[in-house]
Visitor: 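Let me give you the structure first, and then I'll get to my questions.
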Protein chains: 2
Amino acid sequence: MERIRDAAVARFGRDGFSAGLRTIATDAGVTAGLVIHHFGSKEGLRQACDDYVLGVIRSEKLRAATSGSAAGMLAQLAEIEQYGPLALYAVRSMQAGGELATAFVEHMVQDAEEYLAAGVAAGTIRPSRDPAGRARYLTFQGMGSLMLWISLHPEMVSVDDFRTALREISDQITLPALELFTEGLFVDRTMLDSYLMYVPDPPGGPAVP
Amino acid sequence: MERIRDAAVARFGRDGFSAGLRTIATDAGVTAGLVIHHFGSKEGLRQACDDYVLGVIRSEKLRAATSGSAAGMLAQLAEIEQYGPLALYAVRSMQAGGELATAFVEHMVQDAEEYLAAGVAAGTIRPSRDPAGRARYLTFQGMGSLMLWISLHPEMVSVDDFRTALREISDQITLPALELFTEGLFVDRTMLDSYLMYVPDPPGGPAVP
DNA sequence: GGGTGGATTGAACAGGCGTTTAGTCTTTGA
DNA sequence: TCAAAGACTAAACGCCTGTTCAATCCACCC
């Protein structure tokens, strides 16, 4: 039963959720009927995979460690040898949407918020007028760009090369990210200041989407 | 034939590329066989849609107009009443990957690079040590975060509400984006400077992925 | 030892898919 | 006016899908 679930996580991560039950069953060395017998339906199997992956992510206290890049968490997850398929599955889940995807992203948003707050307290990160909104913004940007990159380079997303791909991405974005994070993009403050003049201070930040 | 293609663009945009030929045919008021007769196969139909959408995007000189946010282009596309389905189709295409997606994103990357260069020349945007890499980075971040948002809120992506959704996203990210773009994220320059010490100046920027 | 229950299988079913084929209808051109 | 050509349809084909069902195997317990 666990072997079926593990095979499903790996196969879903590799091929997406359109992978067939018979393929998964063969991977696990069993029959399609047995998969249904254990999990009720394909949806039940996916639910079991979701619960398992989310449980691992929650139990392992994974933090976005690298320079504000929200993708750092996934990279960290992929680094742990045995968890590579889990990272792939999480990405597929985000592409498809659903409960696990929402929970996963919200988990990362909250993580980023704590991490940013710690940086602010330590004096290394500038305070924000809307800390929650900033954490959400940075998380969506980082994870979203990773998703887009994977969509455009599907050949690089085999279980074996996933860590390599993440490092390659990291190499490409580090300089622009560091530039943006330390020097900003605009030369003057007119755009921000004029926005702040027209919009009242955010009371607790914008609503959760 | 054009009506079939338009129906396919709309249906693919609404339901994704797993939409059935019979559904598209019914939308267009014809039969599945006729679709095959005209386009050879489902892949041929998708290719025709890709060509059409890319042609429109290329002919309309769309620019990323709003404050460096690469999603501005899609928003602009969606604003033009009749092109709403095209914007949705482009998003689905990016989720699925493939030629159109690559061409579309590369088009936006180049557009962003020109836009940023113009800003640098005008003295409103800071120069970068790697302008091409920065344009790519900002484009992937902006478009990717849009993709992720749409994945997590599939109920909001009907053709009617797409413009509304884009405006809602814009409201949420404007303040964090403006903060980041004018003030940066880090208080001091140590992370950037130490990175520049270890890595030699990028000769023409990192390689294209 | 017999039986009870869960694990497991292989075959079959119903439905959807893209595609093929044969044939009809409609339009066009000489 | 007749015929050729393309638009179009209805039905069927083969394949793949998730799911069901009856039967078998195997382990455990009284």
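Within every chain, numbering begins at 1; the chains are lettered A, B, ... in the order of the sequence lines, protein sequences first and strands thereafter. The model shown is predicted, which means the values in this text are computed figures rather than measured ones. As a basis for the values below, the full set of heavy atoms in this structure was taken, side chains included, without hydrogen atoms, waters or symmetry mates.
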Visitor: Between P on D:dG18 and CG on A:Leu45, what's the gap in Å once rounded to a whole number?
Guide: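 So the two atoms are 10 Å apart, to the nearest Å.
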
Visitor: How long is the line joining CZ of B:Phe12 and C1' of C:dG18, in whole Å?
Guide: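 Spelled out: CZ on B:Phe12 to C1' on C:dG18 is 12 Å.
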
Visitor: Using atom CG of A:Leu21 as one end and atom P of D:dT20 as the other, report the distance to the nearest whole Å.
Guide: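 Atom CG in A:Leu21 sits about 11 Å away from atom P in D:dT20.
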
Visitor: How about A:Tyr137 and B:Leu180: do any of their side-chain heavy atoms sit closer than 4.5 Å?
Guide: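 With C-beta onward as the side chain, the pair touches.
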
Visitor: On DNA chain D, compare the nucleotides closest to B:Thr31 and A:Ala19; which residue's is nearer the 5' end?
Guide: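 Upstream on the strand: B:Thr31.
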
Visitor: Please report, rounded to the nearest Å, how far the P atom of D:dA11 is from the CG atom of B:Leu34.
Guide: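 So the CG-P distance, B:Leu34 to D:dA11, works out to 16 Å.
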
Visitor: Would you check if B:Ile24 and B:Leu45 make a side-chain contact, meaning some heavy-atom pair closer than 4.5 Å?
Guide: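 B:Ile24 vs B:Leu45: side chains touch.
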
Visitor: Of A:Arg22 and A:Gly33, whose nearest nucleotide on DNA chain C comes first from the 5' end?
Guide: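 Looking at the nearest nucleotide for each, A:Gly33 comes out on the 5' side.
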
Visitor: Within 45° of the axis and under 6.0 Å from the centre of the six-membered ring of B:Phe186, does NZ or CZ of A:Arg126 qualify?
Guide: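 A:Arg126 over B:Phe186 ring: no.
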
Visitor: Please pick, from D:dC8, C:dT19, C:dT8, the nucleotide with the shortest atom-to-atom distance to any side-chain atom of B:Ser41.
Guide: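 Output: C:dT19.
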
Visitor: Please report, rounded to the nearest Å, how far the C1' atom of C:dG10 is from the CD1 atom of A:Ile36.
Guide: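 So the CD1-C1' distance, A:Ile36 to C:dG10, works out to 15 Å.
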
Visitor: Specify whether B:Phe17 and B:Tyr89 have parallel, tilted or perpendicular ring planes, treating 30° as the upper limit for parallel and 60° as the lower limit for perpendicular.
Guide: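 Perpendicular, since the angle between the ring planes exceeds 60°.
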
Visitor: With sugar-phosphate meaning primed atoms plus P, OP1 and OP2, does A:His38 contact a base, only sugar-phosphate, or nothing at under 4.0 Å between heavy atoms?
Guide: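 Sugar-phosphate, backbone atoms only, no base.
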
Visitor: Flag this pair as yes if the NZ/CZ of B:Arg46 is under 6.0 angstrom from the six-membered ring centre of B:Phe12 and inside a 45 degree cone about the axis; otherwise no.
Guide: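 No, B:Arg46 and B:Phe12 do not form such a contact.
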
Visitor: Name the residue closer to the 5' end of DNA chain C, choosing between B:Lys42 and A:Val30 according to the nucleotide with the nearest heavy atom.
Guide: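 Its nearest nucleotide lies further toward 5', so the answer is A:Val30.
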
Visitor: Atom CZ of A:Arg46 to atom C1' of D:dT19: distance rounded to whole Å?
Guide: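 In whole Å, D:dT19 C1' lies 19 Å from A:Arg46 CZ.
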
Visitor: What is the distance from CD1 of B:Ile24 to C1' of C:dG18, rounded to the nearest Å?
Guide: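 In whole Å, C:dG18 C1' lies 12 Å from B:Ile24 CD1.
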
Visitor: In whole angstrom, what separates B:Asp15's CG from C:dG16's C1'?
Guide: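 These atoms are roughly 15 Å apart.
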
Visitor: Using a 4.0 Å heavy-atom cut-off across all strands, classify A:Ala25 as base, sugar-phosphate, or nothing.
Guide: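 Touches nothing.
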
Visitor: Just N and O in the side chain of A:His37: are any of them under 4.0 Å from OP1 or OP2 of C:dA7?
Guide: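 For C:dA7, OP1 or OP2 has a side-chain N or O of A:His37 closer than 4.0 Å.
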
